[in-house]
Undergrad: 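Here it is, the structure in full.
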There are 2 protein chains.
Amino acid sequence: MSFSYRYPRPALTVDCVVFGVHEGRLLVLLIRRGQAPFRGDWAIPGGFVDVQESIDDAARRELQEETGLTNVYLEQLYTFGAVNRDPRERVVSVAYYALVRRVEHQEVAASDAAQAEWFPVDELPSLAFDHEEILQTALARLRAKVRYQPIGFELLPTKFTLTQLQQLYETILGHEIDKRNFRKKILATRLLKPLEEFASGRHRSARLYRFDRSQYQKLVKQGVNFEI
Amino acid sequence: MSFSYRYPRPALTVDCVVFGVHEGRLLVLLIRRGQAPFRGDWAIPGGFVDVQESIDDAARRELQEETGLTNVYLEQLYTFGAVNRDPRERVVSVAYYALVRRVEHQEVAASDAAQAEWFPVDELPSLAFDHEEILQTALARLRAKVRYQPIGFELLPTKFTLTQLQQLYETILGHEIDKRNFRKKILATRLLKPLEEFASGRHRSARLYRFDRSQYQKLVKQGVNFEI
DNA sequence: ACAAAAGTGTTCCCAATACACCCATGG
DNA sequence: CCATGGGTGTATTGGGAACACTTTTGT
């Protein structure tokens with residue numbers, strides 16, 4: 001069976017830059033390509049958009065199929081439409097980025113044939129197609145967005161300590177932050193709900209917090225903004 | 001002649017929200033549709049992406065063909081890919097927005113058959129497809145972006161007075177701004193080059209300025225930011 | 001007891017805001 | 001001469017940044 005059109009059409013794909021954090025490093029999930037072109041190279045997970053699914057759905061489906069990840073924060077990034085970005089034929093790709101918690105656990109194991117692996121963003125292998133550009137675009141977006149919108153929480157477990165949160169921000173923004181100022185500022189947003197639980201590490205135990213989503217919605221409606 | 005593919009493909013279009021300013025109002029350029037569906041309704045200019053042109057090129061071409069506009073500030077906005085956004089068949093649209101100077105002059109006259117007309121953003125007719133959503137997305141982007149990036153200049157003549165600039169910001173942001181504070185802040189950025197020319201209006205003549213693009217590039221490289 | 005991380009307040013400075021009057025020009 | 005918009009300075013305030021020590025816990 002085949003489908004014919006009066007004019008040639010670009011193929012349409014979605015690609016998804018998946019971010020995670022582990023031991024204070026920002027990671028990206030990549031897939032090793034099994035076929036040409038760029039066979040053996042690493043690439044961002046993605047695939048074709050079915051004609052009967054929305055592009056958001058396509059992004060979620062591909063993510064699930066290629067990495068096993070579900071229920072992640074997912075946001076459209078940018079659409080890449082240079083004529084020769086795929087050497088085989090014209091392919092336009094709508095790029096997304098995803099934020100996932102608990103990189104350590106192997107949701108990635110759920111992936112089928114394809115190999116998937118986490119790479120630190122500052123030690124990337126060479127990537128297929130224009131995926132390097134897509135990845136850098138995603139990174140820039142993440143760095144910019146984390147400053148004024150509380151999306152960082154999507155990269156942490158639901159219960160976390162303030163130190164974890166601070167390290168996350170330091171990791172993403174790439175510079176150190178003063179502990180006292182950070183705590184003052186983050187608590188002043190009233191977006192964190194202190195719990196009566198404590199994380200016991202190797203030393204003094206730290207209070208756990210969770211992100212208060214309903215409070216966030218409330219403040220968004222009031223037009224409050226959250227510069228970090 | 002026809003083109004056939006193993007799997008059905010969504011059609012790919014570009015749509016372009018064109019903003020302009022006139023007499024202190026923010027306007028959008030719309031096209032009246034000549035055919036069904038939504039015949040007679042107003043719509044954002046746009047059309048199909050050719051297989052041998054980039055999506056950016058497609059946006060510029062469609063803008064030129066439908067409105068006669070060239071050499072405008074153009075930026076990709078978002079890609080709209082809901083399954084039923086076009087009642088005829090699956091169409092994914094990459095939306096752009098454009099900022100144009102001198103709304104008063106009839107570049108629009110260059111358009112061929114189609115009627116094009118400027119509408120104030122707060123007095124829009126009902127729009128075809130999901131164009132209302134696209135337009136509101138563009139508006140939100142413009143309002144957000146104008147605060148931290150000097151794109152407002154793209155809506156003014158190359159030489160302008162500070163009052164013109166202030167009114168533009170007031171128009172876009174939707175609130176009044178203190179004249180003295182605005183001038184202090186805008187001049188402190190050093191992004192405006194004072195000219196030795198003056199605009200003679202009905203009263204005391206006002207100094208003209210132009211946006212110093214090279215200075216802007218320089219400051220961007222230094223990572224300076226420009227909150228207004 | 002000590003090493004390591006948790007937790008906490010104050011001072012300083014700059015940038016944002018609020019605010020009112022004189023000046024130049026055209027009619 | 002007067003109406004209209006052009007142009008300017010200062011005082012106040014609030015938020016961001018800098019900065020160091022005590023507390024708790026595990027080993």
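Per chain, numbering begins at 1; letters A, B, ... match sequence-line order.
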Undergrad: Expressed in angstrom and rounded to an integer, what is the separation of Asn225(B) atom CG from dA15(C) atom P?
TA: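 Roughly 12 Å, once rounded to whole Å.
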Undergrad: Nearest nucleotide by nearest heavy atom, which residue falls closer to the 5' end of DNA chain C, Gly201(B) or Glu227(B)?
TA: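 This one resolves to Glu227(B).
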Undergrad: Whole angstroms only, please: what is the CZ-C1' distance between Phe198(A) and dG26(D)?
TA: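 About 17 Å, once rounded to whole Å.
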Undergrad: Salt-bridged, Glu154(B) to Arg213(B), with N to O below 4.0 Å?
TA: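 Counted as a salt bridge, because a side-chain N and a carboxylate O are separated by less than 4.0 Å.
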Undergrad: Given the structure, check if the side chain of Arg204(A) and the base of dA6(C) hold any donor-acceptor pair shorter than 3.5 Å.
TA: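 Indeed, a donor on one side and an acceptor on the other fall under 3.5 Å apart.
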Undergrad: In whole angstroms, how far is the P atom of dG7(D) from the CG atom of Leu162(B)?
TA: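 About 7 Å, once rounded to whole Å.
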Undergrad: Quick one: on DNA chain D, does Asp178(A) or His203(A) contact a more 5' nucleotide (nearest heavy atom)?
TA: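 Taking each residue's closest nucleotide, the earlier one in sequence belongs to Asp178(A).
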Undergrad: Per the salt bridge (charged side-chain N to carboxylate O under 4.0 Å, His left out) rule, what does the pair list look like for residues 158-169 of chain A, sequence neighbours excluded?
TA: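 Found Lys159(A)-Glu197(A).
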Undergrad: Counting only side-chain heavy atoms from C-beta out, which of dA20(C), dC19(D), dT25(C) sits nearest to Asn181(A)?
TA: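 The listed nucleotide nearest to Asn181(A)'s side chain is dC19(D).
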Undergrad: Between Gln166(A) and Ile177(A) (side chain of the first, backbone of the second, donor and acceptor by atom type, cut-off under 3.5 Å), is there such a pair?
TA: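 Yes, because the side chain of Gln166(A) sits within donor-acceptor range (under 3.5 Å) of the backbone of Ile177(A).
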Undergrad: Ignoring hydrogens and angles, answer whether the base of dG15(D) and the side-chain atoms of Lys185(A) contain a donor-acceptor pair closer than 3.5 Å.
TA: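 It does not, because no donor-acceptor pair links the side chain of Lys185(A) to the base of dG15(D) below 3.5 Å.
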Undergrad: Would you say that Thr163(A) contacts Arg183(A) through its side chain, given a criterion of any heavy-atom pair below 4.5 Å between the two side chains?
TA: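 Contact flag for Thr163(A)/Arg183(A) side chains = yes.
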Undergrad: May I have the distance from Leu187(A) (atom CG) to dA6(C) (atom C1'), rounded to whole angstrom?
TA: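 About 13 Å, once rounded to whole Å.
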Undergrad: Report the distance from atom CD1 of Ile177(B) to atom C1' of dT17(C), rounded to the nearest whole Å.
TA: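 From Ile177(B) CD1 to dT17(C) C1': 13 Å.
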Undergrad: Look at the side chain of Lys184(A) and the base of dG16(D), then say whether one donor and one acceptor between them are separated by less than 3.5 Å.
TA: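 Under the 3.5 Å cut-off, the side chain and the base do not form any donor-acceptor pair.
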Undergrad: Provide, to the nearest angstrom, the distance between the CZ atom belonging to Arg207(A) and the P atom belonging to dG7(C).
TA: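 Between P of dG7(C) and CZ of Arg207(A): 8 Å.
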Undergrad: Figure out the CZ/C1' separation between Arg180(B) and dA18(C), and round it to whole Å.
TA: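 Between C1' of dA18(C) and CZ of Arg180(B): 8 Å.
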Undergrad: Check whether more than 12 heavy atoms from other residues, nucleotides or ligands sit under 6.0 Å from atom CD of Glu176(A), and answer yes or no.
TA: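 Open: at most 12 neighbouring heavy atoms sit under 6.0 Å from CD of Glu176(A).
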Undergrad: At under 4.0 Å between heavy atoms, what does Arg202(A) touch on the DNA or RNA strands: base, sugar-phosphate, or nothing?
TA: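 Answer is sugar-phosphate: Arg202(A) comes under 4.0 Å of backbone atoms only.
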Undergrad: Tell me whether the side-chain N/O atoms of Thr163(A) come closer than 4.0 Å to OP1 or OP2 in dA6(C).
TA: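 So the side chain of Thr163(A) is within the cut-off, an N or O lying under 4.0 Å from OP1 or OP2 of dA6(C).
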Undergrad: Grab the CD-P distance between Gln166(B) and dG7(D) for me, whole Å please.
TA: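 So the CD-P distance, Gln166(B) to dG7(D), works out to 11 Å.
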Undergrad: Out of dA18(D), dA20(C), dG7(D), which nucleotide sits closest to the side chain of Ala206(B)?
TA: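 Side chain of Ala206(B) sits closest to dG7(D).
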Undergrad: So what does Arg183(B) hit on the nucleic acid, given a heavy-atom distance under 4.0 Å: a base, only sugar-phosphate, or nothing?
TA: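 Base, at least one base atom sits under 4.0 Å.
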